[in-house]
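Below, chains carry the letters A, B, ... as their sequence lines are ordered, and counting in each starts from 1. Note that the structure is a prediction, hence the values are computed from the model and not measured.
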Amino acid sequence: MLKVKNSLGNSIQGFKPLREGFVGVYICGPTVYGHSHIGHAKSYVSFDVIVRYLTHLGNRVRYVQNITDVGHLTDDADEGEDKVIKKARETGLEPMEVAETYTNSYFDDMDALNVQRPDITPKASGHIPEQIDMVSKLLDNGHAYEVNGNVYYDVSSFPDYGKLSGRNIDDLVDGFRVEKRSEKKNPADFALWKRAEKGHLMKWNSPWGVGFPGWHLECSAMALKYLGPTLDIHGGGLENMFPHHDDEIAQSEGVTGEPFAKYWLHNNMVTVEGRKMGKSLGNFITLKDAFAGEPPLDKKVRPMVLRYFILNSHYRSPLDFSAHAIESAEKGLNRIEEAYSNICERLQISRNSTGEEGGVPETVNEMVDNLKIDFYAAMDDDFNTASALGGLNKFTRNVNKLLSQGGELNLSVLQPIETVYRELGENVLGILRDAGTRKQNRGATIEEELIRTIVETREELRAARQFDLADNLRDKLEDLGIALKDGADGTEWERAN
RNA sequence: GGCGGCAUAGCCAAGUGGUAAGGCAGCGGUCUGCAAAACCGUUAUUCACCGGUUCGAAUCCGGUUGCCGCCUCCA
């Protein structure tokens, strides 16, 4: 039985979708005004695995993730500027060019991380009529009021306001700065529609004049459109619990009168060497920089390593990023990849040979069964990927033990191991995508033939006990990023990533 | 000031009442011409600190200290 930590009510609950076998998931997507950073990676890798696991359990999942390209201001005060427009002003591009550029950038990075694309990726700017419609309904039923072309949500009209983050309006007011010349009835009221000043880019006609939608509104409108009045799961970053998610609830429930989401899942933040990551703190790490090995990294971070690193902690725990931590993740992942690719390689050989078919030895059955028991128990416990990886590591130790015993392993031993790696390691966790291509020995490119020739020549030198020359070749290849491993069955090579 | 969370070995990190997963690093060994990888063994009598509840607590309760997030934009 899958259990999840529901932020709404702050408790662990059994997971039961509204319709058996169908799960509607809405995850807050990025605001596309810059390249994605390692915080995005944590969020979207975590939710990717959640969606993969729900699918693995046999559910039909509809995964909706918005792209916010309008309305997200740099500041909630009246003088705040739209983030996308600000970037457009700075770069001399059309706002939609900015949005397109960083939407593409986002998906490039997510593809690299083996994050599956959502089923629907609606854009805020493409859903203006839906948003206007929601504002009209909120005005009609008394949850909103208009002042000078601005429309605000009246939080006092929604008794449950703040129920997700556990706040009440009176507490909030103390925390709000005193806004000068505010048109709001209550400082906690938030904008649904904003009047566009002269020269404002990205504006639309509405019943209240020319303007643009408020930040939180797009999520409510698009979730309603594609998933109906009540979502099974709404996910997002912890930092958005208030006000963004509480505002979404107020808007959506204000319109539909039905619960907005059954389960709220919040993923925790990334810190860098113990400190919050922020642009103003100068410790901001984009994914492109991480993949390229820019400081503070001293080497390229393989996307799969970042993915493994993220999944090695719980999505609800903060994750501390450092070059050192990445290094140990890389070595840990290498071990699993190595074992998996060895199994795949042996399987290939075994399929091509006509060796006798033995039964599956008890030890192999036991290994696989134990992994499954550990893995499903971990994942059922609020998607505990760290614990699931613990099981996969234990399994890998047993696989290596089997491999290092030497001797032939027939199909009936190799196949169940390969299958469970593929189903759990790749299909659910998505960390083994690169493993199949690690062993490049069988390639047919000229480069690979050349490497093969060098390796064979070195073998002859070793046989002739010319170790100085042989070691020299190994060092040279190492400098070129080719690692050699001398084993009992000859020398293997692979690219050091 | 208000709300929420965290504190587990040298490092990262699971574990929320039954006697400390896993990874990295370290140490000893097997293998190797050497190296790398892999394998075997080993590494927290103890979970920030002080009290309490319990047959039993890292896990529950109270307090102390430290750190973090949100309340202003952030995944």
Sugar-phosphate, base or nothing in reach of A:Ser317, heavy atoms under 4.0 Å: sugar-phosphate
Between B:A75 (P) and A:Met277 (CE): distance, integer Å: 9 Å
Would you tabulate the nitrogen or oxygen pairs shorter than 3.5 Å linking the protein to nucleotides 4-10 of chain B?
| from | atom 1 | to | atom 2 | distance (Å) |
| --- | --- | --- | --- | --- |
| B:G5 | OP1 | A:Asn10 | ND2 | 3.4 |

Distance between P atoms of B:U53 and B:A44 (Å, rounded): 31 Å
Base-pairing mate for B:A20 - Watson-Crick or G-U, with both contacts under 3.5 Å: none
Any strand: nucleotide that pairs with B:A7 via Watson-Crick or wobble, under 3.5 Å: B:U65
Sugar-phosphate only, base, or nothing, as touched by A:Lys394 at under 4.0 Å among non-hydrogen atoms: sugar-phosphate
Length of the CD-P vector between A:Glu239 and B:C3, whole Å: 21 Å
Whether A:His245 and A:His266 hold their rings parallel, tilted or perpendicular, with breakpoints at 30° and 60°: tilted
Geometric class of the A:Tyr53/A:Tyr376 ring pair [parallel <30°, tilted 30-60°, perpendicular >60°]: tilted
Non-neighbouring partners of A:Asp108 that pass salt bridge (charged side-chain N to carboxylate O under 4.0 Å, His left out), sequence neighbours left out: none
For A:Glu294, salt bridge (charged side-chain N to carboxylate O under 4.0 Å, His left out) partners two or more places apart: none
Under the salt bridge (charged side-chain N to carboxylate O under 4.0 Å, His left out) test, residues paired with A:Lys123 that sit two or more places apart: A:Glu100
Nucleotide B:A14, atom C1' - distance to CG of A:Asp382 in whole Å: 13 Å
P atoms of B:G5 and B:G63, separation to the nearest Å: 14 Å
Partners meeting ring pair (Phe, Tyr, Trp, His ring centres under 6.0 Å) with A:Tyr153 (sequence neighbours left out): A:His143, A:Phe190
Taking distance alone, no hydrogens or angles, what donor-acceptor pairs closer than 3.5 Å link side-chain atoms of residues 32-44 of chain A to residues at least two apart or in another chain?
| from | atom 1 | to | atom 2 | distance (Å) |
| --- | --- | --- | --- | --- |
| A:Tyr33 | OH | A:Lys83 | NZ | 3.3 |
| A:His35 | ND1 | A:Ser105 | OG | 2.7 |
| A:His37 | ND1 | A:His40 | ND1 | 3.4 |
| A:His37 | NE2 | A:His40 | ND1 | 3.4 |
| A:His40 | ND1 | A:His37 | N | 2.9 |
| A:Lys42 | NZ | A:His314 | O | 3.4 |
| A:Lys42 | NZ | A:Tyr315 | O | 3.2 |
| A:Lys42 | NZ | A:Ser317 | O | 3.2 |
| A:Ser43 | OG | A:Asn267 | OD1 | 3.3 |
| A:Tyr44 | OH | A:Cys28 | O | 2.8 |

Opposite nucleotide pairing with B:A13, Watson-Crick or G-U, both atom distances under 3.5 Å: none
Protein-to-nucleotide contact annotation, 5' to 3' order, nucleotides 32-43 of chain B [B base; S sugar-phosphate only; - none; under 4.0 Å, heavy atom]: -BBBBSSSS---
Pairing partner (Watson-Crick or G-U wobble, both distances under 3.5 angstrom) of B:G1: B:C71
Identified pairing partner of B:U42, criterion: Watson-Crick or G-U wobble below 3.5 Å: B:G26
Atom-to-atom span, CG of A:Leu333 to C1' of B:A13 - whole angstrom: 16 Å
Minimum-distance nucleotide to A:Asn312 side chain [options: B:A14, B:C12, B:A75]: B:C12
Under the salt bridge (charged side-chain N to carboxylate O under 4.0 Å, His left out) test, residues paired with A:Glu460 that sit two or more places apart: none
Length of the CG-P vector between A:Asp247 and B:C71, whole Å: 12 Å
Gap in Å between the two C1' atoms, one belonging to B:A21 and one to B:U46, rounded: 16 Å
B:G66 versus B:G29 - spacing of their P atoms, nearest Å: 46 Å
Length of the line joining A:Phe309:CZ and B:C11:C1', which is rounded to integer Å: 11 Å
A:Asn114 and A:Glu426: side chain donor to acceptor below 3.5 Å: yes
Contacts of type side-chain hydrogen bond (donor to acceptor under 3.5 Å, both in side chains), residue A:Ser156, not counting sequence neighbours: A:Asp154
Minimum-distance nucleotide to A:His314 side chain [options: B:G23, B:G15, B:C71]: B:G15
For atom OH of A:Tyr308 and atom P of B:A14, their distance in whole Å: 13 Å
Sugar-phosphate, base or nothing in reach of A:Gly237, heavy atoms under 4.0 Å: sugar-phosphate
P gap between B:A13 and B:C71, integer Å: 24 Å
Pairing partner (Watson-Crick or G-U wobble, both distances under 3.5 angstrom) of B:C60: B:G52
Sugar-phosphate, base or nothing in reach of A:Ser387, heavy atoms under 4.0 Å: base
Whether A:Arg307 side chain and A:Gly430 backbone form a donor-acceptor pair below 3.5 Å: yes
Protein-nucleotide distance (A:Leu371, atom CG; B:G22, atom P), rounded to Å: 14 Å
